[in-house]
Asker: 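Sharing a structure here in structure tokens format.
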Amino acid sequence: MTLMILAMCAFVSLIVGIATEGWPKGAHDGLGIVASILLVVFVTATSDYKQSLQFRDLDKEKKKISIQVTRSGYRQKLSIYELLPGDIVHLAIGDQVPADGLFVSGFAVSIDESSLTGESEPVMVSAENPWLMSGTKVQDGSCKMLVTTVGMRTQWGKLMATLSEGGDDETPLQVKLNGVATVIGKIGLFFAVVTFAVLVQKLFSRKVLVGTQWSWAADEALELLEYFAIAVTIVVVAVPEGLPLAVTLSLAFAMQKMMNDKALVRHLAACETMGSATSICSDKTGTLTTNRMTVVKSCICMNVKEVGKQGPSDIPEKALKLLLQSIFTNTGGEVVKNKQGKREILGTPTEAAILDFGLALGGDFQAEREAGQILRVEPFNSSKKRMGVVLKFPEGGVRAHCKGASEIILAACDKAINTNGEVVSLQGDSLNLLKNTIDQFASEALRTLCLAYIELEGNVSAETPIPSSGYTCIGIVGIKDPVRPGVKESVALCRSAGITVRMVTGDNINTAKAIAKECGILRDGGIAIEGPDFREKSLKELNDLVPKIQVMARSSPLDKHTLVKHLRTTFGEVVAVTGDGTNDAPALHEADIGLAMGIAGTEVAKESADVIILDDNFSTIVTVAKWGRSVYVNIQKFVQFQLTVNIVALMVNFSSACLTGSTPLTAVQLLWVNMIMDTLGALALATEPPNEALMKRAPVGRQGNFISNVMWRNIFGQSLYQFVIIWFLQYKGKSFYGLYGYNSDLVLNTLIFNSFVFCQVKKNKLVYGCETWSVDRIDMIAMLQLFNEVNSREMEKVNVLNGIFSNQVFLGVLGATVVFQIIIIEFLGTFANTTPLTMMQWYYSVLTGFLSMPIAVILKMIPV
């Protein structure tokens with residue numbers, strides 16, 4: 001609306017100017033306003049267009065999904081964009097169905113079709129109901145699917161073709177900044193109306209003083225129009241139009257850099273929200289650890305040994321056969337040969353570790369799979385914490401194998417295989433031995449899994465459920481997942497930044513505590529608790545307990561969700577949550593910022609997250625927090641810089657209008673400073689990279705004020721200095737610079753303008769014997785604001801030049817500002833009401849602007 005008003009003003013100015021002063025002299029003001037409008041629109045449109053292209057690229061990156069496919073007899077990992085009809089896709093719980101297809105084989109497959117049909121009830125898929133549709137999700141079970149249709153020909157593709165993606169919602173920070181801009185805009189409107197009223201009143205008073213009849217000539221109409229233009233441009237300058245641009249540039253810059261740092265931002269708000277995070281609830285496996293599991297210890301047939309020191313000959317033949325059968329049949333992984341003929345293990349890290357253990361004992365994956373018929377499979381379930389398979393053998397007999405969390409599986413066993421390979425009752429010493437082994441493994445930060453079997457009697461079919469008790473324990477394996485390099489340092493960095501890191505895992509509490517201590521998460525005064533105990537606490541107990549919790553083991557999805565919700569609602573914390581499984585989706589959705597793992601994460605987890613950590617590394621999460629803080633601080637720097645410009649412009653024009661009847665800053669000059677400060681200032685300050693100091697201050701949190709007391713101190717201090725300088729030059733500038741003669745007013749106006757963008761002054765007018773002149777704002781504003789832009793790099797530190805030479809964008813913007821300023825002063829005199837300056841006058845302009853830097857040092861010593 002403001003630009004539309006300016007456009008009308010430019011049109012009228014052109015008509016009246018040309019009619020009264022002729023072409024081209026009378027068109028200068030009108031064309032100046034038109035040029036300013038076009039430049040603002042061009043810069044904004046270019047920025048928006050580039051940003052839309054960047055979002056499009058990021059969106060493409062977000063949609064890159066890899067899947068397991070069997071093609072030409074080889075199982076391989078492909079992008080969904082490479083799928084072809086005829087491929088066999090392997091789907092597991094949590095996966096998104098990438099194309100339309102037919103069920104080939106699988107067990108207990110239920111599909112969530114709510115995204116396609118709106119029905120919340122899952123659909124069971126089997127040979128009788130074989131259709132799978134693109135865009136749906138595997139809620140339970142696993143299967144193989146024959147691809148029949150891909151791309152836009154799928155049901156999901158047809159649905160998407162009828163839709164267009166909506167724009168991004170405004171981020172919380174943008175909402176806050178828009179509120180600031182609205183308030184400042186109202187203040188600017190008030191000053192504009194008052195300024196216009198004062199100028200019109202002066203005009204009327206002048207006519208009365210000289211006894212002029214109330215008749216309007218073209219000069220008075222043009223003067224009134226100029227007053228209106230000045231009032232409108234005061235509104236334009238008062239509203240910090242650069243704020244949306246600064247937010248956009250800062251977020252876009254941060255998103256691109258975060259992408260280089262292995263973090264894909266899915267939602268724009270995540271950049272700034274992560275900067276305010278006060279708590280991180282992190283997974284253990286794959287985030288704090290490497291997610292490359294290896295079986296390092298085992299207790300097979302009551303015999304505890306380190307892997308590598310135990311061979312097939314150390315295990316009784318019958319027990320070894322049962323162990324290998326359990327490993328190779330009760331698994332979600334596979335041992336395959338790739339195109340080069342090399343053996344490759346596919347599956348989750350845990351499955352891969354156990355399969356590798358079985359191969360080391362001399363097992364044959366294909367032989368074991370072909371030895372019996374699989375009747376039923378129960379995939380791993382986070383609530384049951386176990387998985388099972390039912391086998392039928394050609395020679396007769398049916399056997400079920402089960403594996404999972406050691407305490408749960410061991411509780412389901414009443415027998416065990418001893419050192420001689422005999423099945424004995426599990427009680428007394430043998431039970432204590434296994435329990436002590438589990439505790440010992442866990443204390444060494446090993447993840448333990450128990451393997452067991454049961455012989456089934458009677459008529460067993462695919463619908464027969466796998467028993468929950470009566471098993472015989474084959475053995476326990478201890479799997480090591482080493483802590484990632486740099487995690488301990490990253491956790492320490494979070495602590496220094498005021499961010500509390502909590503580990504929430506489904507592992508045994510002893511394993512969780514050992515890893516947490518190794519990472520530096522569990523410290524003196526912290527509490528480690530198990531999910532079942534957490535569930536039983538009353539609300540009052542939770543209020544006392546939650547702030548002290550540093551480790552939660554054996555947690556269910558509901559426990560994690562409850563913890564996050566309690567931290568957010570009761571304690572007002574800004575919570576970030578990491579997750580990789582389908583079961584983490586509720587907590588990821590509940591959190592202020594959800595961080596999904598890009599490698600180990602399921603598609604459901606990624607879809608529920610705001611940021612995808614492409615390398616599954618906790619150190620990357622800390623990098624995201626650092627960039628988030630950088631975004632927040634950069635925008636604060638810009639607001640501090642921008643408000644200084646606005647306040648000075650308002651003070652100068654308002655006071656001058658009230659005292660002298662004219663304003664020192666013309667419409668063209670006001671628009672120029674607004675553009676140069678908004679556009680180039682936003683570009684310079686929004687692209688400042690993060691530094692380590694950002695992680696040594698407390699987080700802003702949910703309740704922090706955006707414009708801090710430090711910012712107000714700097715804004716008002718610099719505004720007062722600039723206002724004093726402009727008024728000093730306005731009234732004492734001629735004698736100070738030694739300016740005399742015909743062109744002295746124009747030279748002085750140029751100097752004042754040059755001092756203000758480096759400082760600036762305008763053409764003289766004779767007003768009833770009084771010589772008055774206005775500040776030609778391009779020069780004066782330029783110098784003051786150029787150096788103030790450098791001052792704004794640091795809001796509290798004295799050394800504002802630290803790291804400036806490593807920020808090429810900032811240096812480029814400063815250089816461009818200087819070049820534009822020289823062009824306007826030296827070559828656009830008639831258009832901008834300036835005149836070329838001597839070298840000495842340029843020196844004084846630069847010196848005037850430079851003095852703002854020692855002023856900034858003094859201001860920063862004032863406590864707030």
Side-chain angles (χ1 to χ4, degrees), residues 68 90-95 105-110 138-144 285-286 293 295 298 322-335 345-358 363 365 368-369 372-392 398-413 438 447-456 460 462-479 481 505-508 554 556-557 580-584 600 602 604:
Q68 296 282 342
H90 300 255
L91 298 173
I93 183 171
D95 287 344
S105 64
F107 302 93
V109 182
S110 65
V138 181
Q139 194 172 72
D140 200 3
S142 61
C143 70
K144 294 179 183 178
T285 306
M293 298 285 198
V295 177
S298 66
L322 285 168
L323 175 62
L324 294 176
Q325 190 179 84
S326 177
I327 289 173
F328 292 129
T329 58
N330 187 23
T331 179
E334 282 193 58
V335 180
I345 300 175
L346 300 174
T348 64
T350 302
E351 294 287 6
I354 297 174
L355 287 172
D356 191 51
F357 177 56
F365 179 81
E368 292 293 345
R369 299 285 285 204
Q373 178 190 354
I374 297 177
L375 293 181
R376 181 181 176 86
V377 172
E378 285 189 3
F380 182 82
N381 185 292
S382 59
S383 58
K384 294 180 180 178
K385 297 191 182 298
R386 68 176 199 175
M387 64 186 298
V389 64
V390 178
L391 301 174
K392 184 177 182 180
V398 179
R399 183 179 296 146
H401 285 281
C402 186
K403 78 175 178 199
S406 298
E407 297 91 339
I408 293 173
I409 302 301
L410 193 61
C413 294
I438 293 171
R447 183 177 181 181
T448 62
L449 286 177
C450 184
L451 290 80
Y453 77 97
I454 185 174
E455 302 289 354
L456 300 179
V460 179
E463 282 72 37
T464 304
I466 297 177
S468 57
S469 61
Y471 286 89
T472 301
C473 179
I474 302 172
I476 296 166
V477 293
I479 303 172
D481 185 10
T505 178
D507 265 355
N508 175 292
R554 289 293 181 217
S556 69
D580 57 5
T582 305
N583 54 312
D584 292 318
T602 63
V604 176

Asker: Just verifying a value: how many Å separate I354 CD1 and F328 CZ, rounded to the nearest 0.5 Å?
Answerer: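 So the gap between those two atoms works out to 11.0 Å.
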Asker: Given side chains that start at C-beta, do those of S105 and C143 come closer than 4.5 Å, heavy atoms only?
Answerer: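 No. Closest side-chain heavy atoms not under 4.5 Å.
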Asker: Quick one: closest heavy-atom pair of L410 and C473, and the distance?
Answerer: CD1-SG, 4.4 Å
Asker: For G506, does its backbone N or O pair with a side-chain atom of R554 as donor and acceptor, under 3.5 Å?
Answerer: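 Yes, the answer is positive, given that a donor and an acceptor are paired below the 3.5 Å cut-off.
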Asker: Please enumerate all residues that pass side chain to side chain donor-acceptor pair (under 3.5 Å) together with D507, with sequence neighbours excluded.
Answerer: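 For D507 the side chain to side chain donor-acceptor pair (under 3.5 Å) partners, ignoring immediate neighbours, are K284, R447.
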Asker: Do the non-hydrogen side-chain atoms of I454 and C402 ever get within less than 4.5 Å of each other?
Answerer: no
Asker: Which heavy atom of V138 sits nearest a heavy atom of A92, and at what distance?
Answerer: CB-O, 3.4 Å
Asker: Does some side-chain heavy atom of H90 sit less than 4.5 Å from a side-chain heavy atom of E334?
Answerer: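 They are in contact (side-chain heavy atoms under 4.5 Å apart), so the answer is yes.
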Asker: So, the side chain of T464 versus the backbone of V460: is there a donor-acceptor pair under 3.5 Å, distance only?
Answerer: no
Asker: So S298 and I476, do their side chains get closer than 4.5 Å, heavy atoms only?
Answerer: no
Asker: I want to check something: taking the side chain as every heavy atom from C-beta on, are V389 and R376 in contact at a cut-off of under 4.5 Å?
Answerer: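 They are not in side-chain contact.
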Asker: So which heavy atom on S468 is nearest to which on A412, and how close?
Answerer: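 Result for this residue pair: O-CB, 3.3 Å.
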Asker: Looking at side-chain heavy atoms only, is the closest gap between L355 and T331 below 4.5 Å?
Answerer: yes
Asker: Where is the tightest heavy-atom contact between L456 and A400, given as atom of each residue plus distance?
Answerer: CD1-CB, 4.0 Å
Asker: Of V398, N330, V377, T329, which is the lone residue that meets side chain to side chain contact (heavy atoms under 4.5 Å, CB included) with V390?
Answerer: V398
Asker: L391 vs L375, test: side chain to side chain contact (heavy atoms under 4.5 Å, CB included). Steps then yes/no.
Answerer: CA-CA 6 Å; L391 301 174; L375 293 181; over 6 Å; no
Asker: Rounded to the nearest 0.5 Å, how far apart are CD1 of I466 and CD of E378?
Answerer: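 These two atoms lie 4.0 Å from each other.
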Asker: Starting at CD of Q325, measure out to CG of L451 and round the result to the nearest 0.5 Å.
Answerer: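 Result: 12.0 Å between the selected atoms.
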Asker: Could you label the plane-to-plane angle of the H401 and Y453 rings as parallel, tilted or perpendicular, counting under 30° as parallel and over 60° as perpendicular?
Answerer: tilted
Asker: Kindly indicate whether the side chain of R386, heavy atoms from C-beta on, has any atom under 4.5 Å from the side chain of I409.
Answerer: yes
Asker: Taking the side chain as C-beta and beyond, is there a heavy-atom pair between I374 and R369 under 4.5 Å?
Answerer: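 Contact flag for I374/R369 side chains = yes.
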Asker: Using 0.5 Å steps for rounding, measure from the CE atom of M387 to the OG atom of S142.
Answerer: 8.0 Å
Asker: For K385, is there an ion pair with E407 - N to carboxylate O distance below 4.0 angstrom?
Answerer: no
Asker: Just verifying a value: how many Å separate F365 CZ and L324 CG, rounded to the nearest 0.5 Å?
Answerer: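 Reported value, rounded in 0.5 Å steps: 12.5 Å.
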Asker: Supply the atom-to-atom distance L91 CG to Q68 CD, rounded to the nearest 0.5 angstrom.
Answerer: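 Rounded to the nearest 0.5 Å, the CG-CD separation comes to 10.5 Å.
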Asker: Not counting sequence neighbours, which residues clear side chain to side chain donor-acceptor pair (under 3.5 Å) with S406? List them please.
Answerer: T448
Asker: What pair of heavy atoms forms the shortest contact from T472 to C413, and how long is it?
Answerer: C-SG, 4.2 Å
